[in-house]
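To keep things clear, I will list the structure first and then write my remarks on it.
These numbers come from a predicted model, not from an experiment. Chain letters run A, B, ... following the sequence lines, proteins first, then strands; residues in each count from 1.
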Amino acid sequence: MLSRLMCDRCRLQLLLAGRQHQFFQRFKSDNSARFGQNLGPGGPWQSRGKPAVDAGATATMYMSAAAVFMLGLSYASVPLYRKFCQMTGTASNPLLARVDNIERVREMRPVADCPLVVNFIADTHSQLAWNFRPQQPRVQLVPGETVLVFYTARNPTDVPVTGIATYTVNPYQASQYFNKIQCFCFEEQRLNPGEEVDMPVFFYIDPEFINDPRLRDVRQITLSYCFFEAKEGLSLSLPGLTASPAAT
Amino acid sequence: MCTFLVKPPDKGSFPLDHYGECKAEMVEYMRCLKANNSDQAQCKHLSKRYFQCRMDKRLMLREDFEQLGFHQADQQPQKQSN
């Protein structure tokens, strides 16, 4: 209706303006379709087509790598710690000083002001027919000196019998300082019928015994040997590695 | 009884003296212990003789006695004053 009141010139201008508007409208919608809808949080500089979860994936990879690294470090810590103790450890670490025991025996000196008494007990498992006893009921000693003692075993039967021995030290806290240089334990010992043999035990109490606060008032230690009959299928604990199950 | 943590001996096991080749030294050592109220410091020289016997009879590997804890200064038995 308005167009009827316009002159021809104005009508033409209006028409042209409308077409321009339509043209720019289309162009604008193309832009938004091409650029606008895929704009990421990074704005026009973010590359097209890659979703915003990239940051999350990178973080996950870093966390996984860190977890694997920590796991590997925990496995490597055992030999690393052992190496560290070897390099920096002194004789104050009797549990790990097995390699240096020979030097330890050579260099240690008796600690004269700590007299101790070691009592000896001999046991046999009920199925072992040996007569097994200590040659001395006790011995007086001090930490830091090597001591020789004897047990005696006799086979009164008329068949050869093979036995294997294990030992216990009481009190339990003293057992880590009780070092045997040579004895007769953990290896099979065979006695012929009627045979009697002397079984020596050569040991020492580590001088670090005197520095242990738990053992300050301990003056009596008991060494108890127990002989089992060595049969197939008999399994003793691995020495130095595990504690044997209670044998009652 | 017969439980707890145990450690293996440093040098393993003594070979058994089946023929009693060093029994005399052992008996002498035990007599000394009995005479000295089980004070083994008084009898160290006899235990050294026992080990010497074992080494001679090849019941023990030959070793320097210093490595077995027998030091030069402790050769003679000394009376301990308590």
Side-chain angles (χ1 to χ4, degrees), chain A residues 98 101-102 105-106 108-110 112 115 117 123 125 135-142 145-150 166-169 172 175-176 178-187 189-192 195-200 202-204 224 226 228 237 239-240 242-248, chain B residues 1-34 36-51 53-54 59-61 63-71 73-74 78 80-82:
Chain A
R98 302 222 59 82
N101 271 357
I102 296 173
V105 173
R106 181 195 285 268
M108 70 182 183
R109 290 296 180 267
V117 173
D123 280 318
H125 192 259
Q135 281 282 5
Q136 65 290 306
R138 72 190 64 81
V139 76
Q140 296 183 35
L141 50 86
V142 296
E145 61 179 353
T146 54
V147 180
L148 176 66
V149 294
F150 288 92
T166 183
Y167 76 97
T168 320
V169 175
Y172 173 69
S175 63
Q176 69 182 74
F178 192 93
N179 295 308
K180 292 191 310 306
I181 300 172
Q182 206 162 354
C183 65
F184 56 90
C185 41
F186 308 126
E187 288 186 24
Q189 311 289 348
R190 182 187 159 101
L191 287 186
N192 292 319
E195 190 177 9
E196 180 173 333
V197 285
D198 304 314
M199 294 176 165
F202 192 41
F203 68 94
Y204 65 94
S224 172
C226 191
F228 299 86
S237 60
T242 58
S244 59
T248 52
Chain B
M1 211 159 107
C2 304
T3 55
F4 306 128
L5 193 67
V6 294
K7 292 185 288 190
D10 294 346
K11 296 191 192 341
S13 208
F14 279 114
L16 284 187
D17 186 5
H18 284 283
Y19 302 108
E21 292 170 283
C22 295
K23 195 172 175 73
E25 281 79 4
M26 188 274 284
V27 168
E28 208 175 325
Y29 177 68
M30 296 309 307
R31 278 197 190 130
C32 174
L33 276 187
K34 285 197 177 95
N36 286 283
N37 194 25
S38 302
D39 185 5
Q40 63 86 35
Q42 308 296 324
C43 308
K44 272 197 90 81
H45 60 296
L46 292 171
S47 65
K48 188 176 175 186
R49 279 176 57 181
Y50 177 80
F51 287 124
C53 171
R54 270 203 170 241
L59 290 169
M60 187 174 171
L61 288 176
E63 275 194 79
D64 185 14
F65 278 106
E66 290 278 336
Q67 280 186 349
L68 296 177
F70 295 96
H71 306 296
D74 305 333
Q78 295 168 1
Q80 286 185 355
S81 56
N82 289 346

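Partners of B:E63 by salt bridge (charged side-chain N to carboxylate O under 4.0 Å, His left out), not counting sequence neighbours, listed by chain and number: B:K11. Looking at residues two or more places apart in sequence or on another chain, you find a side-chain hydrogen bond (donor to acceptor under 3.5 Å, both in side chains) between B:Y50 and B:R54.
Contact between A:V197 and B:D17 at its shortest, heavy atoms only, is CG1-O, 3.7 Å. Contact detail for A:T146 and B:L68: the closest heavy-atom pair is OG1-O, 2.9 Å. Between B:M26 and A:Q135, the shortest heavy-atom contact is CE-NE2, 3.8 Å.
Across A:F203, A:F202, A:F184, the residue that shares the most heavy-atom pairs under 4.5 angstrom with chain B is A:F202.
With a threshold of 4.5 angstrom between heavy atoms, A:E187 approaches chain B through side-chain atoms but not through N, CA, C or O. For B:F51, the part lying under 4.5 angstrom from a heavy atom of chain A is the side chain only.
Considering CD of B:Q42 and CD of A:Q140, their distance stands at 9.5 Å, rounded to 0.5 Å.
In this structure, the side chains of A:V105 and B:Q67 stay at 4.5 Å or more apart for every pair of heavy atoms. Side-chain contact between B:K48 and A:L148: absent, with no pair of heavy atoms (C-beta onward) separated by less than 4.5 Å. Using a 4.5 Å cut-off on side-chain heavy atoms (C-beta onward), A:V139 and B:L33 make contact.
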Would A:E145 and B:Q40 count as a side-chain hydrogen bond (donor to acceptor under 3.5 Å, both in side chains) if you check the C-alpha gap in whole Å, the side-chain angles of each, and the deciding distance to 0.1 Å?
CA-CA 10 Å; A:E145 61 179 353; B:Q40 63 86 35; 2.6 Å; yes

